[in-house]
Amino acid sequence: MRHTLPIAPQFYVTAPQPCPYLADRMERKLFTALQGDDAEQLNNSLSQQGFRRSQNVLYRPSCAECSACLSARINISDFTLTRSQKRTLKRNTHLKRRATSPWATEDQYALFRRYLDSRHADGGMADMDVFEFAAMVEETPIRSRVVEYSDATQDELTAVSLTDVLEDGLSMVYSFYTPDLPRNSLGTYMILDHIEIAREAGLPYVYLGYWVPGSPKMSYKASFTGLEVYSGGSWQPMQDAASFEANLHPLSTDPIAEQVSNINLPDRRAHSS
């Protein structure tokens with residue numbers, strides 16, 4: 001019998017930098033490395049506690065000024081299509097989906113650059129070159145897929161999602177799409193299609209990243225029924241956006257030591273023999 005110790009990752013905090021979602025605020029992240037034989041196990045556990053993956057790092061906002069950024073997911077059993085979302089599906093029936101291994105291509109990068117230049121020209125990823133893009137897609141220690149959407153009539157790449165497969169759902173790590181079709185609501189369409197993929201796979205959730213009350217960039221996530229947010233150490237149905245305004249207050253943030261002590265880590269001993 002091989003004896004092993006519980007996973008004990010080290011947690012760190014980034015230096016403050018301007019918040020990309022709320023004006024005149026600074027953001028800070030709590031993060032840990034995602035590596036080794038237990039990467040899948042750690043990713044599943046921390047994703048269920050509001051963490052997100054970026055390459056081989058798991059992170060969660062840990063800002064000194066507020067705790068507005070809330071990890072969001074769709075509970076598929078509580079999801080129903082709105083009339084607007086039905087129209088979005090109808091507008092995109094010409095798109096075909098293809099899921100591949102996490103491998104970056106020139107077509108993906110060209111679409112990524114068009115998307116950034118049009119939608120996020122002043123964002124933190126605006127200067128990402130092709131090598132950094134390839135690292136974002138390919139440097140994953142867990143089960144990840146690249147989901148491509150192409151125009152079936154022209155065989156032209158239209159949208160892409162880098163997606164992780166968790167034990168309880170799909171996590172949309174990063175999505176981008178052509179900026180030339182605003183009426184098609186491609187960002188919403190990809191979420192709707194991932195809901196269908198998860199439903200077919202018997203997975204209960206689709207993880208969307210962070211919802212930020214007061215940020216116009218993130219307001220679209222509140223339009224999905226069945227939305228849950230991770231707040232106060234548990235997942236809660238997102239009913240009234242105004243009920244989370246207290247999270248904008250500096251006193252809503254727990255000390256770093258308390259945040260780390262409240263993280264539940266997986267135990268390798270339960271999976272060793």
Side-chain angles (χ1 to χ4, degrees), residues 34 39-40 43-44 47 52-56 71-76 79 81 85-86 88-116 118-120 125 128 130 132-182 184-210 220-221 223-224 226-227:
L34 182 63
E40 291 270 6
N43 187 54
N44 283 318
S47 293
R52 297 285 291 168
R53 183 184 73 83
S54 177
Q55 295 174 232
N56 60 353
S71 187
R73 70 185 186 186
I74 297 171
N75 186 331
I76 293 173
F79 172 77
L81 285 166
Q85 289 165 352
K86 289 178 181 178
T88 295
L89 288 175
K90 188 173 182 179
R91 288 192 188 103
N92 292 288
T93 53
H94 63 290
L95 295 180
K96 61 179 181 180
R97 178 210 310 152
R98 185 173 75 104
T100 69
S101 58
W103 187 256
T105 67
E106 292 182 2
D107 287 345
Q108 290 170 13
Y109 181 68
L111 180 61
F112 174 74
R113 287 276 16 132
R114 287 173 56 206
Y115 172 78
L116 286 185
S118 174
R119 300 291 297 271
H120 303 286
M125 304 174 75
M128 185 178 287
V130 65
E132 292 167 322
F133 172 78
M136 180 180 76
V137 173
E138 299 172 8
E139 290 184 8
T140 169
I142 62 167
R143 185 183 176 195
S144 301
R145 306 289 281 171
V146 172
V147 185
E148 297 182 339
Y149 299 89
S150 299
D151 187 327
T153 61
Q154 303 177 14
D155 197 28
E156 181 179 349
L157 188 63
T158 302
V160 177
S161 175
L162 175 59
T163 302
D164 289 347
V165 183
L166 307 178
E167 63 182 3
D168 67 346
L170 301 177
S171 177
M172 300 180 72
V173 176
Y174 191 78
S175 302
F176 53 95
Y177 47 86
T178 178
D180 304 330
L181 301 170
N184 287 49
S185 302
L186 290 169
T188 294
Y189 172 73
M190 283 192 283
I191 293 174
L192 295 175
D193 190 60
H194 274 68
I195 291 172
E196 184 59 28
I197 297 171
R199 182 179 282 128
E200 292 173 355
L203 298 171
Y205 301 108
V206 173
Y207 289 80
L208 300 181
Y210 293 104
Y220 72 94
K221 295 181 182 179
S223 67
F224 289 88
L227 191 71

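Throughout, numbering of the chain's residues begins at 1 and tracks the sequence.
- Every residue meeting the side chain to side chain donor-acceptor pair (under 3.5 Å) condition with Tyr177, not counting sequence neighbours, appears here in chain and number order: Arg119.
- Considering NE2 of His94 and OG of Ser150, their distance stands at 10.0 Å, rounded to 0.5 Å.
- Using a 4.5 Å heavy-atom threshold, the side chains of Glu148 and Asp107 count as separate.
- Qualifying salt bridge (charged side-chain N to carboxylate O under 4.0 Å, His left out) partners for Arg91, counting only residues two or more places apart in sequence or in other chains: none.
- Not counting sequence neighbours, Arg143 has no partner by the salt bridge (charged side-chain N to carboxylate O under 4.0 Å, His left out) test.
- Checked by atom type and distance alone, the side chain of Ser101 never pairs as donor or acceptor with a backbone atom of Trp103 at under 3.5 Å.
- Using bins of under 30°, 30° to 60° and over 60° for the plane-to-plane angle, the ring pair Phe112/Phe133 lands in the tilted bin.
- Partners of Arg52 according to the salt bridge (charged side-chain N to carboxylate O under 4.0 Å, His left out) rule, which considers only residues two or more places apart in sequence or in another chain, do not exist here.
- Judged purely by atom type and a 3.5 angstrom limit, Ser47 has no side-chain atom pairing as donor or acceptor with the backbone of Asn44.
- Residues forming a side chain to side chain donor-acceptor pair (under 3.5 Å) with Tyr109 (at least two apart in sequence, or on another chain): none.
- Contact annotation: the side chain of Ile191 never approaches that of Gln85 to less than 4.5 Å [non-hydrogen atoms, C-beta and beyond].
- The two residues Pro179 and Ser118 make their nearest non-hydrogen contact at CB-OG, 3.3 Å.
- When every heavy atom of Val206 is checked against every heavy atom of Ala198, the shortest pair comes out as CG2-CB, 3.9 Å.
- Contacts of Ser185 classified as side chain to side chain contact (heavy atoms under 4.5 Å, CB included), with partners at least two apart in sequence or in another chain: Thr88, Thr188.
- Not a single salt bridge (charged side-chain N to carboxylate O under 4.0 Å, His left out) links Glu40 to another residue, sequence neighbours left out.
- Using modelled atom types, one side-chain atom of Lys221 and one backbone atom of Leu208 make a donor-acceptor pair closer than 3.5 Å.
- Legend: residues meeting side chain to side chain contact (heavy atoms under 4.5 Å, CB included) with Asp168, ordered by chain and number and at least two apart, are Gln48, Arg73, Leu166, Pro204, Tyr205, Tyr207.
- In this view, Ser175 and Ser161 satisfy the side chain to side chain donor-acceptor pair (under 3.5 Å) rule, not counting sequence neighbours.
- The side chain to side chain donor-acceptor pair (under 3.5 Å) check on Glu139 picks up Gln55, with sequence neighbours excluded.
- For the atom pair CD (Gln108) and CG (Leu157), the distance works out to 6.5 Å, reported to the nearest 0.5 Å.
- Sorted by first then second residue, the salt bridge (charged side-chain N to carboxylate O under 4.0 Å, His left out) pairs that include residues 150-160, not counting sequence neighbours, are Lys96-Asp155.
- Residues Leu81 and Leu89 meet the side-chain proximity criterion, which asks for heavy atoms closer than 4.5 Å.
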- [ ] Any chance you could lay out the side chain to side chain contact (heavy atoms under 4.5 Å, CB included) test for Leu95 and Asp193, step after step, and finish with the verdict?
- [x] CA-CA 11 Å; Leu95 295 180; Asp193 190 60; over 6 Å; no

Task: Verdict with supporting geometry, Leu181 and Asn92, side chain to side chain contact (heavy atoms under 4.5 Å, CB included) - done: CA-CA 10 Å; Leu181 301 170; Asn92 292 288; over 6 Å; no

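- Of the inter-residue distances, the one linking Arg145 atom CZ with Ile197 atom CD1 reads 10.5 Å to the nearest 0.5 angstrom.
- Within a 6.0 Å radius of CD in Glu200, other residues, nucleotides and ligands contribute more than 12 heavy atoms.
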Open item on the list: Applying side chain to side chain contact (heavy atoms under 4.5 Å, CB included) to His194 and Ile74, what does each step give before you reach the verdict?
Closed with: CA-CA 10 Å; His194 274 68; Ile74 297 171; over 6 Å; no

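- In this structure, CG in Asn43 is found 6.0 Å from CG in Asp164, a value given to the nearest 0.5 Å.
- Proximity of Met136 to Val173: side-chain heavy atoms (C-beta onward) are nowhere separated by under 4.5 Å.
- Taking every heavy atom of both residues into account, Leu170 and Leu203 meet most closely at CD2-CD1, 3.9 Å.
- Using cut-offs of 30° and 60° for the angle between ring planes, the Phe176 and Tyr115 rings count as tilted.
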- [ ] List the steps and the verdict of side chain to side chain contact (heavy atoms under 4.5 Å, CB included) for Arg199 and Ile195.
- [x] CA-CA 6 Å; Arg199 182 179 282 128; Ile195 291 172; 4.1 Å; yes

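- In this structure the side chain of Met190 never reaches within 4.5 angstrom of the side chain of Val147, judged on heavy atoms.
- By the ring pair (Phe, Tyr, Trp, His ring centres under 6.0 Å) test, Tyr189 is found to be paired with Tyr149, residues two or more places apart in sequence or in another chain being considered.
- When every heavy atom of Pro102 is checked against every heavy atom of Val146, the shortest pair comes out as CA-CG2, 3.7 Å.
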